[in-house]
Amino acid sequence: MGMMQEFRTFALKGNVVDLAVGVIIGGAFGKIVESLVQDIIMPVVGRIFGGLDFANYYLPLNGQGSQLTLVEAKKAGAVFAYGNFLTILINFLILAFIIFQMVRMINKARDLASHQKEEAPAAPAAPPEDIVLLREIRDSLKK
């Protein structure tokens, strides 16, 4: 039972729960970005470059015709599927940029909160009365 108790303590720590929530939300957010890239961005990019389905862009490496779909061309032999790679690369770049912006906003919010917590430094305490008297005596003797 000692190991089960230790596991329970580990699993219920705040960091583990926060990590699990982050992974779940990140997975769902990844699907949203993937849909944005595949369903909205890449059709426009494909249209600009003269095709309708950018993911099917490839260079045949085994003599197969370039009029085949990517799946059919892969069945016929090796292909250099650069369209699918570019789609995934754009997906990654968008996701990385959004995560960068989120981390940047969180850091700004933390900085703002920490600056609000900091109080203005207190004025230095007045020196004790005996020090003041000694300074006055010293100044009088200098004159």
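Here the structure is a predicted model, which means the values were calculated and not measured.
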Chemist: Run the side chain to side chain contact (heavy atoms under 4.5 Å, CB included) test against F80 and tell me which residues pass, sequence neighbours left out.
Modeler: L59, L61, Y82
Chemist: Please list, chain by chain and in numerical order, all residues satisfying side chain to side chain contact (heavy atoms under 4.5 Å, CB included) with N107, sequence neighbours excluded.
Modeler: V103, R110
Chemist: Please name all residues satisfying side chain to side chain contact (heavy atoms under 4.5 Å, CB included) with I131, sequence neighbours left out, ordered by chain then number.
Modeler: P127, P128, R135
Chemist: If you round to the nearest 0.5 Å, how far is NZ of K74 from CD of E72?
Modeler: 13.0 Å
Chemist: Under a single-linkage rule joining Ile, Leu, Val, Met, Phe, Trp and Tyr whose side-chain heavy atoms are separated by less than 4.5 Å, which residues share a cluster with L68?
Modeler: Y58, L70, V79
Chemist: Through direct or indirect side-chain contacts below 4.5 angstrom among Ile, Leu, Val, Met, Phe, Trp and Tyr, which residues connect to F97?
Modeler: none
Chemist: Please tell me if the side chains of I94 and I90 come closer than 4.5 Å, counting only heavy atoms from C-beta onward.
Modeler: yes
Chemist: Identify, with sequence neighbours excluded, every residue that meets side-chain hydrogen bond (donor to acceptor under 3.5 Å, both in side chains) alongside R104.
Modeler: Q101
Chemist: Transitively linked via ILVMFWY side-chain contacts under 4.5 Å: I98 with V37?
Modeler: yes
Chemist: Which distance, rounded to the nearest 0.5 Å, do you find between the CG of L89 and the CG of N84?
Modeler: 11.5 Å
Chemist: Take I40 and V44 through the test side-chain contact (heavy atoms from CB on, under 4.5 Å) and record every step on the way to the result.
Modeler: CA-CA 7 Å; I40 296 173; V44 173; 5.6 Å; no
Chemist: Listed by chain and number, what are the side chain to side chain contact (heavy atoms under 4.5 Å, CB included) partners of V71, not counting sequence neighbours?
Modeler: T69, K75
Chemist: Look up atom CG in L93 and atom CG in L86, then write down how far apart they are to the nearest 0.5 Å.
Modeler: 10.0 Å
Chemist: Indicate every side-chain donor-acceptor pair of residues 29-36 with a distance under 3.5 Å to a residue at least two apart or in another chain.
Modeler:
unit_1	atom_1	unit_2	atom_2	d
S35	OG	D39	OD2	2.8

